[in-house]
Number of protein chains: 2
Amino acid sequence: MRIGELAAKSGVSVRALRYYEEQGLLEATRSYSGQRHYPEPATDRVQLIQMLYAAGLSSKTIAELLPCVEARVNTPESRARLAAERDRIEAQIAALTRTRDRLDAVIAISESPESGCTYVPDRDVAAEAGHSVTS
Amino acid sequence: MRIGELAAKSGVSVRALRYYEEQGLLEATRSYSGQRHYPEPATDRVQLIQMLYAAGLSSKTIAELLPCVEARVNTPESRARLAAERDRIEAQIAALTRTRDRLDAVIAISESPESGCTYVPDRDVAAEAGHSVTS
DNA sequence: CTAAAACCTGACGTTGACGTCAGAGGCAAG
DNA sequence: CTTGCCTCTGACGTCAACGTCAGGTTTTAG
C-alpha cells in the first residue's frame with residue numbers, strides 16, 4: 001500500500017503520515033525509487049496514533065508509548081510511563097466532566113427561565129441574531 | 001484589584017490576563033493613569049475561562065459562551081451554542097475514555113505476564129473497548 | 001526624594017502538528 | 001511518447017495562547 005491509499009484508509013493527510021515517520025511513529029519500507037510502502041496493519045497503527053494525539057499526547061510521548069502498546073515491550077519503565085499517561089488522561093476526563101456539568105447546569109437554567117433566572121434579555125438581542133448558525 | 005493581584009489569585013500570568021482582555025473575554029476599568037482594575041468576581045471569571053480553555057475551546061468560542069454563562073443571556077442561539085459545546089465536550093470525554101480503556105488493557109497485560117505476555121491479539125483489546133461511556 | 005516594584009503599550013519569539021508550494025522524478029494508460 | 005496522477009524532498013507558512021523583551025510611566029516602600 002502506498003502513502004495515498006493509507007491516507008485515504010486511515011483518514012489522515014499524506015503530509016501527516018510523512019510527519020509521523022519523521023517523528024519516529026510510523027515506519028515504511030521503500031521501493032527502489034524511494035516510494036513508501038506500508039503493510040495493512042499500518043491503518044490500525046495510524047488510527048491509534050490519532051487516538052493518542054486526540055488525548056493530548058505529544059509526538060515524543062507517543063513515540064515512547066507505542067512500543068509498549070504494539071510491540072508489547074514490558075519493562076518497569078514502560079509500565080510506569082503507561083500508568084502516568086493513563087492517569088493524565090483520567091485527570092483530563094475528570095476536568096472535562098466538571099466543565100460539562102457546569103455547562104449542563106447553565107443549560108438547565110436557560111431552559112426553565114421561571115426557576116431562578118435573574119436576568120432575561122430584551123427583544124433587541126434576540127431580534128438582532130436573526131440568521132442561524134446551526135452547525 | 002490590580003492585574004498582578006488578580007494573576008496571583010487566579011493562577012494565571014499577567015500576560016494571559018491582558019490577552020484575555022484583548023480577546024474580549026475579560027474587561028477591566030481603568031484608573032486615570034491607565035492601569036487596569038478588576039472587581040473580586042473577576043477571579044471566578046478567569047478560572048471559568050481557564051476551565052473552558054482546558055476543554056479545548058477557542059477564544060472565539062469562549063467569547064460567545066461567556067455571556068450565556070455569566071450574564072445569563074438566554075436566546076435560542078445561545079442555548080444552541082451551549083448545547084453544541086456541551087456535546088463536543090461529551091464526545092471528547094467519550095474518546096478519552098476509550099483511549100484510557102485501551103491503555104488500561106495494555107497495562108493489565110503488562111502486569112500479568114503469565115497470561116500471554118509475548119503476543120496478544122488486538123481482538124481482546126477491541127472487544128473490551130465496548131464499555132460504557134458515562135452518559 | 002529616591003529606588004524598587006508594578007504597570008503600560010507594542011512587537012517579536014515560541015511550540016506543535018501539520019498545510020502548502022516548488023521543483024523533480026516515477027508509473028500505468030492511450 | 002506523452003499525458004496525467006502520484007510520489008519524493010526540502011522548506012516556508014499557519015494558528016493559538018501565550019512568553020519575553022524593550023522602553024517608558026506609575027505606585028509604593030523607606
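Keep in mind that this is a model prediction, so the values were computed, not measured. Letters A, B, ... mirror the listed sequences (proteins, then strands); counts begin at 1.
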If you check the [X] side chain, which of [options] turns out closest?
{"X": "Arg36(A)", "options": "dC6(D), dC7(C), dT9(D)", "result": "dT9(D)"}
{"X": "Gln50(B)", "options": "dC8(C), dC18(D), dC8(D)", "result": "dC18(D)"}
{"X": "Tyr53(B)", "options": "dG26(C), dC18(D), dC8(D)", "result": "dC18(D)"}
{"X": "Ser59(A)", "options": "dT27(D), dA17(C), dG26(C)", "result": "dA17(C)"}

Ignoring hydrogens and angles, tell me if any N or O in the side chain of [X] forms a donor-acceptor pair with the backbone of [Y] under 3.5 Å.
{"X": "Thr29(A)", "Y": "His37(A)", "result": "yes"}
{"X": "Arg45(B)", "Y": "Leu25(B)", "result": "yes"}
{"X": "Arg81(B)", "Y": "Thr61(B)", "result": "no"}

*Is Leu57(A) touching bases, backbone alone, or none of the nucleic acid, heavy atoms closer than 4.0 Å?*
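It contacts sugar-phosphate atoms only.
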
*Drop me the distance from Ile93(A)'s CD1 to Thr99(B)'s OG1, to the nearest 0.5 angstrom.*
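Reported value, rounded in 0.5 Å steps: 8.0 Å.
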
Starting at [atom1] of [X] and ending at [atom2] of [N], how long is that distance when rounded to a whole Å?
{"X": "His37(A)", "N": "dC8(D)", "atom1": "NE2", "atom2": "C1'", "answer": "12 Å"}
{"X": "Glu5(A)", "N": "dC6(D)", "atom1": "CD", "atom2": "P", "answer": "12 Å"}
{"X": "Leu26(B)", "N": "dC18(D)", "atom1": "CG", "atom2": "P", "answer": "12 Å"}
{"X": "Ile3(A)", "N": "dC8(D)", "atom1": "CD1", "atom2": "C1'", "answer": "10 Å"}
{"X": "Arg2(A)", "N": "dC5(D)", "atom1": "CZ", "atom2": "C1'", "answer": "9 Å"}
{"X": "Tyr32(B)", "N": "dC8(C)", "atom1": "OH", "atom2": "P", "answer": "17 Å"}
{"X": "Met1(B)", "N": "dC7(C)", "atom1": "CE", "atom2": "P", "answer": "12 Å"}

*List the atom of Ala54(B), the atom of Leu96(A), and the distance in Å for their closest heavy-atom pair.*
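Taking every non-hydrogen atom into account, O-CD2, 4.4 Å.
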
*asked:* Which heavy atom of Leu57(B) sits nearest to which heavy atom of Glu85(B), and what is that distance?
replied: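 Scanning both residues, the minimum pair turns out to be CD2-OE1, 3.3 Å.
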
*With nearest nucleotides of DNA chain C determined for Gln35(B) and Ser33(A) from heavy-atom distances, which residue corresponds to the more 5′ nucleotide?*
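Closest to the 5' end, via its nearest nucleotide, is Gln35(B).
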
*Could you identify which residues of residues 6-23 of chain A place a heavy atom less than 4.0 Å from some atom of DNA chain D, listed by residue number, or say none?*
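Residues of residues 6-23 of chain A under 4.0 Å from DNA chain D: Arg15(A), Arg18(A).
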
*Note: Arg18(A)-Glu22(A) ion pair, threshold 4.0 Å (strictly below)*: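 No, this pair does not count.
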
*Using the closest heavy atom to pick a nucleotide of DNA chain D for each, name whichever of Gly34(A) or Ser31(B) lands nearer the 5' end.*
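Its nearest nucleotide being more 5', the pick is Gly34(A).
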
*asked:* Does a side-chain N or O of Arg30(A) approach OP1 or OP2 of dT9(D) to a distance below 4.0 Å, or not?
replied: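 It does, given that an N or O in the side chain of Arg30(A) lies less than 4.0 Å from OP1 or OP2 of dT9(D).
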
